[in-house]
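Single-structure report; data block below.
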There are 2 protein chains.
Amino acid sequence: MAIDRETESETDPRDASAIAPIARSSLHEQVAGRIRDMIIEGRLAAGSRINEAALVRELGVSRTPFREALRTLAAENLVEIRPSMGSVVRKPTPEEVFAMLQVLAELEKLAGRLCCERASDADLAGLLALHERMMSHYARRDRLPYYKANQEIHSTIARLSGNPVLLEVQTGLQSRLKRIRYVGNRSPERWAAAVDEHEEMARALRRRDGERLGAVLAVHLTRTWERVRDVV
Amino acid sequence: MAIDRETESETDPRDASAIAPIARSSLHEQVAGRIRDMIIEGRLAAGSRINEAALVRELGVSRTPFREALRTLAAENLVEIRPSMGSVVRKPTPEEVFAMLQVLAELEKLAGRLCCERASDADLAGLLALHERMMSHYARRDRLPYYKANQEIHSTIARLSGNPVLLEVQTGLQSRLKRIRYVGNRSPERWAAAVDEHEEMARALRRRDGERLGAVLAVHLTRTWERVRDVV
DNA sequence: AGTACGTATTCTGTATACAAAATTCAAATC
DNA sequence: GATTTGAATTTTGTATACAGAATACGTACT
């Protein structure tokens, strides 16, 4: 399946009024995105060697943009490039997963506090609406939409913190954890517990109680470790 | 000054006993290192365009490894690649610098706590020795060695936290702040204040008081913002 | 004179070519 | 049978070539 160079990166005719510079994407960006997806979906297994020739053929690009994409992913810690010896999909050790969640807990604690202090009422309402949407996915046990809404809630809290670096670091760690979260958290009880914690967050959010939100978020991530520890 | 490809990446005959895999560095890694240094030293000014042709000529490498190096630096947020329009040295806005320090404060708070819990007595002694060395540099007002010892203290605390991700994120943020720290913190009073804060840290460290160390570190980084805010 | 257009030049992005390193595999040796 | 040695093959790293986009510049026009 070759990358189609025509359909991407066109201006969106819908928002003709908002004159944001149109997003151009070069081949290596697209390639990086595709490899990222393959890693999350498990098509490229953690620990496995990346076959440059095969992927290059499949994506229909030359080695140059492909290798640039690999460097980007290496900087994101998703792949490891061993000089002269090929690249492998990084497989985080359990210690590393714990470490990521510990850092995330600390960052989201800060994000929760800042978000309650600085977000507008409208933003908070939007966040709570997102929460309700997630709950309705849970009611139907709709796993994938739930998962996506969940990710979005956490990113939104980070965004509403108003700290761009916090958002950026959180995004990076989330992306490294995506695959693990994707396969983990399978049991109904654990899922229910995670949902309860989210209800707690929503309560704190409604009261703009930043300390409480932060504390709940930190606990939530500690529990997340317990929920995923046996899949790493 | 072209990069010498012969002398680098050879096995070091001194540590023949320690059979750690020898560090091989490919051209783009070396190039990335050199550009990083140029940015910190200010030879490549923040906000300025990166002249690919000129640098490629100066370093004596071809465009391929150079561009791969640029992608690495872009992932590190040190340069910005604008598709089809060249690369520039990223110039962090004051808001971003504040954001980085805020995140660092939170991370080092955690690092301080963990370090006091988990570091061995020997490691702690080493850290305190480093502190004393820094103080003797301060006594002589030896700016560069002081600066380096300072960086090393903060990295060591992160390392002794035992959380590799914490160390990794901290290292990334430190490297983005290096240039700013390098030019900032010039006044004798501010320097003295920073030194005082470090004495506080050392006291907390001797008592293995993690909470206190974390708090002092957080305050230290808040003050750092005040010390550098007028140079960004 | 100032603006708009079109052309020349430079720079960027991708593909390909080539050299060097690593890996594979088979024969030779112990 | 296991281990070593050494081609043959594959893979990786770097250089270069080429096409297309962006920028600079000069000319015509108002």
Side-chain angles (χ1 to χ4, degrees), chain A residues 1-11 19 21-35 44 47-75 79-90, chain B residues 1-11 19-35 44 47-75 78-90:
Chain A
M1 181 62 66
I3 286 177
D4 184 334
R5 290 164 211 193
E6 309 306 323
T7 54
E8 294 278 349
S9 80
E10 293 298 320
T11 106
I19 40 166
I22 74 165
R24 318 185 206 202
S25 77
S26 41
L27 264 190
H28 42 247
E29 284 176 70
Q30 293 176 248
V31 171
R34 291 283 282 267
I35 303 176
L44 288 170
S48 72
R49 177 88 169 272
I50 290 175
N51 187 334
E52 194 174 296
L55 276 175
V56 152
R57 212 174 329 111
E58 185 179 332
L59 295 172
V61 300
S62 79
R63 289 178 61 215
T64 314
F66 184 87
R67 301 192 87 244
E68 290 188 7
L70 273 191
R71 296 229 130 257
T72 301
L73 297 172
V79 313
E80 183 187 347
I81 300 178
R82 301 165 308 179
S84 295
M85 288 167 70
S87 313
V88 295
V89 179
R90 246 172 78 89
Chain B
M1 181 60 66
I3 287 176
D4 185 334
R5 291 161 211 195
E6 309 307 323
T7 53
E8 294 278 350
S9 78
E10 293 298 318
T11 108
I19 41 165
I22 72 163
R24 319 186 204 200
S25 76
S26 42
L27 262 191
H28 40 246
E29 284 176 70
Q30 292 176 249
V31 170
R34 291 283 282 267
I35 304 176
L44 254 38
S48 72
R49 177 87 168 270
I50 291 175
N51 187 335
E52 195 174 296
L55 276 175
V56 153
R57 210 173 330 111
E58 185 178 333
L59 295 172
V61 300
S62 80
R63 289 179 60 215
T64 312
F66 183 86
R67 300 192 89 242
E68 289 187 7
L70 272 191
R71 294 216 83 69
T72 301
L73 298 173
L78 282 171
V79 313
E80 183 187 347
I81 300 178
R82 302 164 307 179
S84 294
M85 288 167 70
S87 314
V88 295
V89 179
R90 246 172 77 90

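Computed from a predicted model, the values in this text were never measured in an experiment. Just so it is clear: chains get the letters A, B, ... in the order the sequence lines come, proteins before strands, and each one is counted from 1.
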Residues in side-chain contact (heavy atoms from CB on, under 4.5 Å) contact with A:Ser48, at least two apart in sequence or another chain: A:Ala45, A:Val89
Pairwise distance CZ(B:Arg49) to CZ(B:Arg82) - rounded to 0.5 angstrom: 5.5 Å
Gap between atoms CG and P, on B:Leu27 and C:dC18 respectively (whole Å): 20 Å
Separation of atom CZ in A:Arg57 from atom P in D:dT11, rounded to whole Å: 9 Å
Given D:dT12, D:dT16, C:dT16, the nucleotide with the shortest approach to the side chain of A:Thr64: C:dT16
Separation of D:dT14 P from B:Leu59 CG (nearest whole Å): 13 Å
Contact nearer the 5' end of DNA chain C, comparing A:Arg82 with A:Pro65: A:Pro65
Given DNA chain C, 5'-ward residue of the pair B:Ser87 and A:Arg63, judged by closest heavy atom: B:Ser87
Gap between atoms CD and P, on B:Glu68 and D:dA15 respectively (whole Å): 11 Å
Interatomic spacing from CG in A:Leu55 to CG in A:Leu44 - rounded to 0.5 Å: 5.5 Å
A:Gln30 CD to C:dT14 C1', straight-line distance once rounded to whole Å: 13 Å
With A:Thr64 via side-chain hydrogen bond (donor to acceptor under 3.5 Å, both in side chains) - residues at least two apart: none
Listed partners of B:Ala74 passing side-chain contact (heavy atoms from CB on, under 4.5 Å), at least two apart: B:Val79, B:Ile81
Toward the 5' end of DNA chain D, by each residue's nearest nucleotide, A:Asn51 or B:His28: A:Asn51
side-chain hydrogen bond (donor to acceptor under 3.5 Å, both in side chains) partners of B:Glu80, counting only residues at least two apart: none
Every protein N/O within reach of nucleotides 21-25 of chain D N/O, cut-off under 3.5 Å:
unit_1, atom_1, unit_2, atom_2, d
D:dA22, OP1, A:Arg24, NH1, 2.2

